[in-house]
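What follows is a set of notes on a single structure, which appears directly below.
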Amino acid sequence: MSHYKFKEALKALKYISPMEKILPSEDGRLEVKITGKELYSDINSELPSPDIMDYLFDISTHTDIKDKLRIVIDDELDLLKAKEKYKTYLLVLAKKTLKELRAYTRKILGFLFFGAIVLVLSYFLEDRFQRIFYDSVNIIGGFSIWEAADLFFFARTEKRKELISIVKLLEAEWIQRDIS
C-alpha cells in the first residue's frame, strides 16, 4: 500500500479501528515501510520528502503515545545516511517548535500583564472620564486577557502536541530490509 492510499484510508477511518489493524506490528512496534523513491523528494536531495514527513506526522499523531514506531527502508538506500538526514531534519523542526512555544509564552505573559494593567487603570478612570473612554479601555483590557487565554489553551497546546509527535518520530527505530 502506498503512503498516499494509506493517508486516505487513515482519514476515512478517523479512529474507528485500532492502528494495529492498519499498520503491521511486530514485537509491539508499528512498522512504516518507505522506499527510496518516497524518502527523498529528489534522488540527490539532502532533505526528506515533505510528503513522507506529513505521512510520518500523521502516523505519529494518530497513534497512542506508548506505541513505538519502526521505520523500515529499502535495501537500496544507505541506512546511516537516511537516518542522519531524517534526524537532523526533525531536530531542526523540534528547535523551531520549541522557539515558537517560548514565543507563545512571552506573548501570553505580555497580554496578561498588559490586560491587568489596563483593567486596573479602567477601574480608577471610571469616575473621571467619559463613559466611552472607560468602556474602550475596559474592552481593550478584557480582549488582552482573552487573547492570552486563547494562546495558552489552544495555540500552545497544538504546538505541544506537535513537539510530542516530533519526539516520538525521533525515538523511532530504523531498520533496513527488502520491502518489495
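These values consider heavy atoms only, across backbone and side chains, with no hydrogens, waters or symmetry-generated copies. When a residue number appears, it is its place in the shown sequence, counting from 1.
- Remark: Ser165 engages Thr61 in a side chain to side chain donor-acceptor pair (under 3.5 Å) (not counting sequence neighbours).
- Residue-environment remark: CZ (Phe57) exceeds the threshold of 12 foreign heavy atoms within 6.0 Å.
- Atom CE in Met53 sits 6.0 Å away from atom CG in Leu169 (nearest 0.5 Å).
- Across Tyr55 and Val32, no two heavy atoms sit closer than the pair CE2-CG1, 3.4 Å.
- The shortest side-chain heavy-atom distance between Lys68 and Glu173 does not fall under the 4.5 Å cut-off.
- Here the closest heavy-atom approach between residue Ala94 and residue Ile166 is recorded as CB-CG2, 3.7 Å.
- How far CG of Leu80 is from CD of Gln176: 8.5 Å, rounded to the nearest 0.5 Å.
- A pairwise comparison of heavy atoms in Ala172 and Lys87 identifies O-NZ, 4.3 Å as the closest pair.
- Not a single salt bridge (Lys or Arg N to Asp or Glu O under 4.0 Å) links Glu84 to another residue, sequence neighbours left out.
- Leu79 and Tyr89 fall within a single hydrophobic cluster, where Ile, Leu, Val, Met, Phe, Trp and Tyr are joined by side-chain heavy atoms under 4.5 Å apart, directly or via other members.
- Under the 4.5 Å side-chain criterion, counting only non-hydrogen atoms from C-beta, Lys95 is not in contact with Leu93.
- In this structure, the separation between CZ on Arg160 and OH on Tyr104 is 14.0 Å, given to the nearest 0.5 Å.
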For residues 140-151, which side-chain N or O atoms pair as donor and acceptor with protein atoms under 3.5 Å away, sequence neighbours left out?
{"from": "Ser144", "atom 1": "OG", "to": "Phe111", "atom 2": "O", "distance (Å)": "2.6"}
{"from": "Ser144", "atom 1": "OG", "to": "Gly115", "atom 2": "N", "distance (Å)": "3.4"}

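- With a 4.5 Å cut-off on side-chain heavy atoms, Lys33 and Arg70 do not count as touching.
- With rounding to the nearest 0.5 Å, the separation of CG in Leu69 from CD1 in Ile59 is 7.0 Å.
- Separation of atoms OG1 (Thr97) and CG (Leu163) is listed at 6.0 Å; rounding is to 0.5 Å.
- The hydrophobic cluster containing Ile117, built from Ile/Leu/Val/Met/Phe/Trp/Tyr side-chain heavy atoms closer than 4.5 Å, also comprises Phe113.
- Two different hydrophobic clusters hold Leu91 and Leu101 under the rule that ILVMFWY side chains link at heavy-atom gaps under 4.5 Å.
- Note that CZ of Phe153 is 9.0 Å distant from CD1 of Ile108, once rounded to the nearest 0.5 Å.
- Contact check for Arg177 versus Val72: side-chain heavy atoms found under the 4.5 Å cut-off.
- When side chains are defined from C-beta on, Val167 counts as touching Glu171, because their heavy atoms get closer than 4.5 Å.
- For Lys159, the salt bridge (Lys or Arg N to Asp or Glu O under 4.0 Å) test picks out Glu100, Glu162, with sequence neighbours left out.
- Annotation: ring-ring contact (aromatic ring centres under 6.0 Å, His included) contacts of Trp174 (sequence neighbours excluded): Tyr86.
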